[in-house]
Amino acid sequence: MTTIEPKNDLNIDLFNENIAKIERLSARLVSALAQKKPVMPSLEGPSQELFVKATTSYMSEMMNNPARILEHQVAFWGKSLTHYVEAQQKLAKGELVPPEDNTPKDRRFDNPLWETHPYFNYVKQQYLMTSEAVMTAVDDMEGLSDEDRKRVDYFSKQIVDMLAPTNFFATNPDALSKAVETEGQSLVDGLENLVRDIETNDGDLLVSLSDRDAFEVGENLATTEGAVVYRNRMFELIQYAPTTPDVDKTPIVLFPPWINKFYVLDLNPKKSLVKWIVDQGYTLFVVSWIDPDESYAETTLDDYIEEGYLTAINEVKKVTGEDQVNAAGYCIAGTTLALTLALLEKRGDTSVKSATFFTTLTDFSDRGEVGVFLDDDFVDGIEAQIRTDGIMRSYFMSRTFSYLRANDLVYRPAIRNYMMGEAPPAFDLLYWNGDATNLPGKMAVQYLRGLCQDNQFADGRFNILGETLSLADIQVPICAIACEVDHIAAWKSSFAGIKKFGSKDRTFVLSESGHIAGIVNPVGRDKYGHYLNSDLSLDAEEWQAGADFTKGSWWPHWGAWLAAASDGKTAPRQLGDSTHPVLCPAPGTYVKGGKFADNPLK
């Protein structure tokens with residue numbers, strides 16, 4: 001049997017010194033927590049109404065079908081009692097080994113002690129049995145709407161995951177072993193990490209996923225050569241330097257989401273979509289959005305389109321001398337690109353020749369996993385918080401998306417950082433994930449209420465800049481890339497929206513993996529493949545069943561699609577022009593937290 005071995009040469013003085021450090025750090029922790037701003041209770045969990053619905057459903061089932069409830073309870077009691085008796089029998093015989101373990105494999109319990117040590121194995125088996133019983137009870141609830149069922153299931157799973165024995169020091173063999181081996185130093189280091197995270201977030205706890213000192217934007221992230229050639233209060237326009245003997249005449253302007261920084265598409269040269277596009281012979285412009293503060297409280301989605309999308313498109317046309325651009329939008333920026341295209345169609349403006357959408361939702365009738373946070377209880381809380389702060393703080397966005405993958409993005413890193421006292425890894429993608437931005441208050445509410453909740457765009461009722469817009473208004477050729485296990489923009493919902501576009505030329509690509517890895521999927525690594533099927537008249541399941549699967553990145557397929565949307569070749573373009581002087585090298589100032597100056601040329 002594997003055991004936690006006592007340390008024979010334990011340095012008592014050092015151990016006691018570390019305990020004293022823990023006490024001093026605890027005082028610092030209390031001080032850090034005192035900095036936490038008051039938060040609307042509705043932002044901390046679902047409304048009491050959801051709990052009432054779940055309780056009512058369970059009580060109703062108990063009254064109407066007591067046999068099934070008792071069957072579940074008796075089965076759970078039987079498993080738990082049998083396990084207890086078997087464990088006791090082993091101990092009574094002096095056998096310091098656990099009883100038979102038929103619980104499912106779970107990577108949270110990778111340490112061999114979970115299998116071989118009687119105490120840890122007992123705790124693990126009881127937890128997994130209880131978890132199964134809770135989720136079975138939730139699955140069997142009747143009388144709930146589909147939306148309420150999803151929410152009850154999600155928040156029940158959150159509670160079950162939170163109570164995992166790995167999340168507690170006394171029942172985590174890795175943490176206990178590390179504390180003994182280091183004479184308590186791991187606990188000191190872990191508490192230091194915890195205090196630092198809380199201090200960094202002004203009293204809130206947001207677990208650091210990556211080493212903050214390992215990366216610097218412009219040094220080892222976002223290093224593709226280019227320059228800012230235009231700036232206004234909404235964005236900086238980055239033009240990238242050509243790397244080929246000639247370039248396609250039609251330039252590309254790429255709109256990243258403004259809930260994070262653009263450099264997820266330019267992490268490093270080996271996996272940079274930005275660099276790949278430039279190396280294919282395209283003149284590429286990327287919009288780098290400002291991180292808004294309270295002064296942007298009244299900024300709306302109309303402003304993002306007028307001062308962002310339409311302005312960027314027009315400035316790209318001026319710099320290149322072309323009449324049209326190929327546009328691309330990622331996530332929320334793709335949704336807003338779709339609104340822009342519908343608006344341009346209404347105005348008879350043909351500035352956009354083709355459009356590409358990365359993991360974009362335009363039909364919110366099925367909001368996927370993130371939908372559990374889009375009911376009135378949470379959105380009412382967000383709206384109330386915005387009335388106080390003027391902005392939707394990045395903390396809430398980061399926390400929400402982290403809890404969609406709580407074991408990977410909350411509990412596992414918390415165990416590593418706080419219980420084990422280890423430094424977060426130097427991981428560029430996780431560094432970017434933690435580099436979130438605020439959202440202007442009015443824009444956030446407009447997006448959440450009008451698009452996510454009321455689905456007005458898909459229904460042809462969304463108003464922007466004096467026009468009522470519909471998905472059917474979009475007429476340009478489009479290429480949409482969705483990701484198979486995307487927890488933010490579910491691919492079937494993305495597919496449903498694309499089917500409602502008015503475009504006659506529509507291409508849909510389904511990449512393996514999730515919201516980021518499915519897009520940042522470089523050529524040559526062959527890590528994730530993709531599906532193609534030209535028949536968009538099918539429903540989503542039929543489309544995938546009849547699709548051709550190709551191993552490797554979808555980027556070359558998109559490159560060929562873009563080539564067909566170009567107007568031939570021209571000489572490589574210099575950065576900017578006489579009316580668009582280079583303002584600063586890429587990646588610019590906004591991505592580093594820079595603020596807009598009254599004179600945009602400063």
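Values reported hereafter were calculated over all heavy atoms of this structure, with side chains retained and with hydrogens, waters and symmetry mates removed. On a predicted model such as this, the values are computed, not experimentally measured, just so you know. The residues of the chain are indexed from 1 along the displayed sequence.
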Does either side chain, that of [X] or that of [Y], offer a donor lying less than 3.5 Å from an acceptor on the other one?
X      : Y      : answer
Asp302 : Gln446 : yes
Arg108 : Thr166 : no
Asn268 : Asp428 : yes
Thr250 : Gln324 : no

If we only count heavy atoms from C-beta on, is the [X] to [Y] side-chain gap below 4.5 Å?
X      : Y      : answer
Leu465 : Arg347 : yes
Val352 : Leu341 : yes
Trp555 : Pro522 : yes
Asn433 : Val264 : no
Ile391 : Leu439 : no
Leu409 : Leu404 : no
Tyr447 : Thr335 : yes
Thr311 : Glu306 : no

The salt bridge (charged side-chain N to carboxylate O under 4.0 Å, His left out) partners of Asp505 (sequence neighbours excluded) come to none
List for me each residue that meets salt bridge (charged side-chain N to carboxylate O under 4.0 Å, His left out) alongside Arg412, sequence neighbours excluded, and say none if there are none.
Asp408
Salt bridge flag under 4.0 Å for residues [X] and [Y]:
X      : Y      : result
Arg416 : Glu422 : no
Glu383 : Lys442 : no
Lys36  : Asp202 : no
Asp189 : Arg196 : no
Glu225 : Lys275 : no
Lys318 : Glu315 : yes

Between the main-chain N or O of [Y] and the side-chain N or O of [X], is there a donor-acceptor pair closer than 3.5 Å?
X      : Y      : value
Glu512 : Gly529 : yes
Thr223 : Glu219 : no
Arg231 : Leu583 : no
Ser553 : Asn521 : yes
Ser503 : Val476 : yes
His530 : Lys551 : no
Asp486 : Ile488 : yes
Thr570 : Lys249 : no
Lys21  : Val188 : no
Ser513 : Ala517 : no

Is the gap between the ring centers of Phe358 and Trp554 under 6.0 Å?
yes
Does the separation of the ring centres of His515 and Tyr330 fall below 6.0 angstrom?
yes
Candidate list Tyr309, Phe235, Phe262, test ring pair (Phe, Tyr, Trp, His ring centres under 6.0 Å), partner Phe255, passing option:
Tyr309
Show your reasoning for whether side-chain contact (heavy atoms from CB on, under 4.5 Å) applies to Thr200 and Leu206.
CA-CA 9 Å; Thr200 299; Leu206 199 62; over 6 Å; no
[Y] and [X] aromatic ring geometry - parallel, tilted or perpendicular at 30°/60° bounds:
X      : Y      : value
Trp276 : Trp558 : parallel
Phe215 : Tyr431 : tilted
Phe495 : Phe508 : perpendicular
Phe501 : Phe357 : perpendicular
Phe462 : Phe457 : tilted

Let's go through Met234 and Thr299 carefully: what are the C-alpha distance in whole Å and the side-chain angles of both, what is the deciding distance for side-chain contact (heavy atoms from CB on, under 4.5 Å) to 0.1 Å, and is it a yes or a no?
CA-CA 10 Å; Met234 300 299 294; Thr299 300; 3.9 Å; yes
Lys527, NZ: over 12 other non-hydrogen atoms inside 6.0 angstrom:
no
Of Asn260, Leu429, Leu265, the residue whose pairing with Ile516 passes side chain to side chain contact (heavy atoms under 4.5 Å, CB included)
Leu429
Please lay out, stage by stage, how Arg393 and Asp389 fare under the test salt bridge (charged side-chain N to carboxylate O under 4.0 Å, His left out).
CA-CA 8 Å; Arg393 290 193 286 131; Asp389 296 347; 3.3 Å; yes
Output a table of donor-acceptor pairs, distance under 3.5 Å, between side-chain atoms of residues 285-296 and any protein atom two or more places apart or on a different chain; print 'none' if there are none.
| from | atom 1 | to | atom 2 | distance (Å) |
| --- | --- | --- | --- | --- |
| Trp289 | NE1 | Pro256 | O | 2.7 |
| Asp291 | OD1 | Asn438 | N | 2.9 |
| Asp293 | OD1 | Ser295 | N | 3.0 |
| Asp293 | OD1 | Ser295 | OG | 2.5 |
| Tyr296 | OH | Arg233 | O | 2.6 |

side-chain contact (heavy atoms from CB on, under 4.5 Å) evaluation trace for Trp561 with Thr356
CA-CA 10 Å; Trp561 183 87; Thr356 300; 3.6 Å; yes
Please report the C-alpha distance between Leu191 and Tyr418 in whole Å, then the side-chain angles of each, then the deciding distance to 0.1 Å, and finally whether the side-chain contact (heavy atoms from CB on, under 4.5 Å) criterion is met.
CA-CA 6 Å; Leu191 189 53; Tyr418 308 147; over 6 Å; no
Which value, rounded to the nearest 0.5 Å, describes the distance between [X] atom [atom1] and [Y] atom [atom2]?
X      : Y      : atom1 : atom2 : answer
Thr283 : Gln574 : OG1   : CD    : 11.5 Å
Asp266 : Lys271 : CG    : NZ    : 11.5 Å
Leu510 : Cys483 : CG    : SG    : 7.5 Å

Between Asp323 and Lys317, does a salt bridge (charged side-chain N to carboxylate O under 4.0 Å, His left out) hold up when you go through it step by step?
CA-CA 6 Å; Asp323 294 329; Lys317 288 165 58 180; over 6 Å; no
From CA spacing to verdict: salt bridge (charged side-chain N to carboxylate O under 4.0 Å, His left out), Arg399, Asp204
CA-CA 10 Å; Arg399 188 182 65 173; Asp204 288 312; over 6 Å; no
Would Glu192 and Arg28 count as a salt bridge (charged side-chain N to carboxylate O under 4.0 Å, His left out) here? Give the steps.
CA-CA 9 Å; Glu192 180 70 46; Arg28 188 173 147 203; 3.0 Å; yes
